[in-house]
Amino acid sequence: MRFGTSSLVRALVWLLAVCAIAAGCSGKGVFKREYEYEEELYLALDGSATLNVNASVASLVALRGADLDPDPRARVDRERVRAIFEGDGARASVSLARRDSRRFVHVSVRVDDVRQLPRLAPFAWSSYRFDRRGDHVEFRQAVGPPVAGHARPTEWTGDELVAFRLHLPSEVLSHNSPSGRIERGNILEWEQPLSERLAGRTLNIAVDLAPESILYTTLILFGSSILAAAVTLALIIWWIARRGREREVTEAA
């Protein structure tokens, strides 16, 4: 059975697509873990930060003492959620979602100084340090015990997880993330079972950063990778086309 040039090109394209999908599904790609409570801190080198919270209503009640109804059938008041997270110098945006028929909230809070976050009630369980020390920037966060909720107890399965994730602006010089690895996008993660968080087990986060942003270098490397991939693909297609023409000439002779 013979394959023409166009068939070989289509097969190559499909192979590249399958490789891309496989890469996306590896690690924490498509099959991302689901968390009961999650904080994602986007930190800038000037100390400003955006903190995103993705959490079930039940976890906000249990961990942060939020005055919300954890009943999955209850309506969630977006303005009440916003009022919980807003404070002096901080504005919050709120969206709502459902997962497994349960209510979840997504909140984004922007502050000019990450050390101001404990002034907001939902983040008062953490202390933050952000200091420039010679040739590096030092970030420290200690997450303390939760605030007891006032609603009826929630029946947890015991499998729930809590995560604290850092999106960092420069090269990571050292860190104490339990996984020991830096995720794509310069991301570090600390996980904790919800049961430990409810029990008040302190979570210590420590990161030392280079004082200069890696954004420019990252863009250069990304652009170079795209160019190299395009050149490689063009050469492969040219080679396949040439082999196809040689085969056709040979068969004609």
Side-chain angles (χ1 to χ4, degrees), residues 27-29 31-43 49-72 76 81 84-85 92 94-109 111 114 117-129 139-168 172 175-207:
K28 296 187 178 181
F31 304 106
K32 182 181 177 182
R33 281 194 180 189
E34 293 184 339
Y35 297 96
E36 195 71 20
Y37 180 94
E38 180 180 12
E39 288 187 10
E40 290 197 276
L41 182 66
Y42 292 77
L43 186 65
T50 298
L51 182 51
N52 296 338
V53 176
N54 305 297
S56 68
V57 172
S59 71
L60 286 178
V61 172
L63 293 173
R64 308 308 308 131
D67 185 17
L68 299 170
D69 188 344
D71 189 329
V76 179
V81 175
I84 291 172
F85 283 88
V94 179
S95 61
L96 307 176
R98 276 187 176 273
R99 186 203 304 165
D100 300 328
S101 300
R102 299 170 60 230
R103 297 282 189 177
F104 279 73
V105 301
H106 308 285
V107 183
S108 182
V109 180
V111 292
V114 67
L117 282 170
R119 299 178 184 178
L120 305 175
F123 310 123
W125 63 355
S126 286
S127 62
Y128 298 86
R129 281 177 45 207
F139 175 80
R140 299 291 186 268
Q141 179 182 355
V143 189
V147 175
H150 303 291
R152 66 177 183 273
T154 300
E155 293 185 3
W156 307 105
T157 66
D159 297 326
E160 295 86 2
L161 291 172
V162 172
F164 295 83
R165 193 172 293 111
L166 294 180
H167 297 251
L168 299 163
V172 177
H175 65 87
N176 69 340
S177 172
S179 70
R181 65 177 182 269
I182 302 173
E183 303 289 347
R184 285 178 296 176
N186 222 31
I187 301 169
L188 292 172
E189 183 176 81
W190 287 257
E191 284 186 358
Q192 192 175 37
L194 177 63
S195 58
E196 291 185 6
R197 185 93 295 274
L198 288 168
R201 180 176 177 180
T202 300
L203 180 66
N204 291 302
I205 296 172
V207 182

inquiry  = I'd like to know whether L194 forms a side-chain contact (heavy atoms from CB on, under 4.5 Å) with L63, so could you lay out the CA-CA distance, the side-chain angles of the two residues, the decisive distance to 0.1 Å, and finally the verdict.
reply    = CA-CA 9 Å; L194 177 63; L63 293 173; 4.0 Å; yes
request  = Search all heavy atoms of A62 against all heavy atoms of P146 and return the closest pair with its distance.
outcome  = O-CB, 4.5 Å
task = State the CD-CD distance between E160 and Q192, to the nearest 0.5 angstrom.
result = 13.5 Å
ask   = Does one side chain, of S126 or Q141, offer a donor that lies under 3.5 Å from an acceptor on the other?
value = yes
inquiry  = Quick check against the 3.5 Å criterion: does R64 have a side-chain atom that pairs as donor or acceptor with the backbone of P122?
reply    = yes
ask   = After noting the C-alpha distance and the side-chain angles of I182 and H175, does the key distance pass the side-chain contact (heavy atoms from CB on, under 4.5 Å) rule?
value = CA-CA 9 Å; I182 302 173; H175 65 87; 4.0 Å; yes
ask   = Given the rule in the side-chain contact (heavy atoms from CB on, under 4.5 Å) test, do V94 and F85 qualify, once you have shown the distances and angles that lead to the verdict?
value = CA-CA 9 Å; V94 179; F85 283 88; 5.8 Å; no
Nearest-0.5 Å distance that lies between atom CD in E40 and atom CZ in F164 = 12.0 Å
request  = Rounded to the nearest 0.5 Å, what's the gap from NE2 on H106 to CD on E38? Could you check?
outcome  = 9.5 Å
note = CG of L203 to CD of E191, rounded to nearest 0.5 Å, is 10.5 Å
remark   = Note: A66 and V61 closest approach over all heavy atoms is O-CG2, 3.6 Å
query = Is there side-chain contact between P118 and F123, with at least one heavy-atom pair below 4.5 Å?
reply = no
Residues W190 and N176: side-chain donor-acceptor under 3.5 angstrom = yes
Non-hydrogen side-chain atoms of V57 and V105 separated by less than 4.5 Å = yes
task = Determine whether I84 and L68 make a side-chain contact, defined as any pair of heavy atoms from C-beta on separated by less than 4.5 Å.
result = yes
Where S101 and P72 come nearest, the two heavy atoms and their spacing = O-CB, 3.4 Å
ask   = Just how far is it from atom CG of L43 to atom CG of L188, taken to the nearest 0.5 Å?
value = 11.0 Å
request  = Evaluate side-chain contact (heavy atoms from CB on, under 4.5 Å) for V76 paired with V81, printing each intermediate quantity in order.
outcome  = CA-CA 8 Å; V76 179; V81 175; 3.8 Å; yes
inquiry  = Measuring from atom OG of S127 to atom CG of L117, what distance do you get when rounded to the nearest 0.5 angstrom?
reply    = 11.5 Å
request  = Side-chain contact test, heavy atoms from C-beta onward, threshold under 4.5 Å: evaluate it for R197 versus V143 and give yes or no.
outcome  = yes
inquiry  = Test your reading of the model: is there a side-chain donor-acceptor pair from D100 to the backbone of R102, 3.5 Å cut-off?
reply    = no
request  = Could you list the residues that satisfy ring pair (Phe, Tyr, Trp, His ring centres under 6.0 Å) with F139, not counting sequence neighbours?
outcome  = none
ask   = Are any of the side-chain heavy atoms of R165 and E39 separated by less than 4.5 Å?
value = no
Close side-chain approach of L51 and L120, heavy atoms under 4.5 Å = no
task = Heavy atoms only: give me the nearest L198-W156 pair and the separation to one decimal.
result = CD1-NE1, 3.8 Å
ask   = Any donor and acceptor pair, going by atom type alone, linking the side chain of R129 with main-chain N or O of A142 inside 3.5 Å?
value = no
inquiry  = Angle between ring planes, W125 versus Y37, binned at 30° and 60°: parallel, tilted or perpendicular?
reply    = perpendicular
note = Sequence neighbours excluded, the answer for side chain to side chain donor-acceptor pair (under 3.5 Å) partners of R99 is none
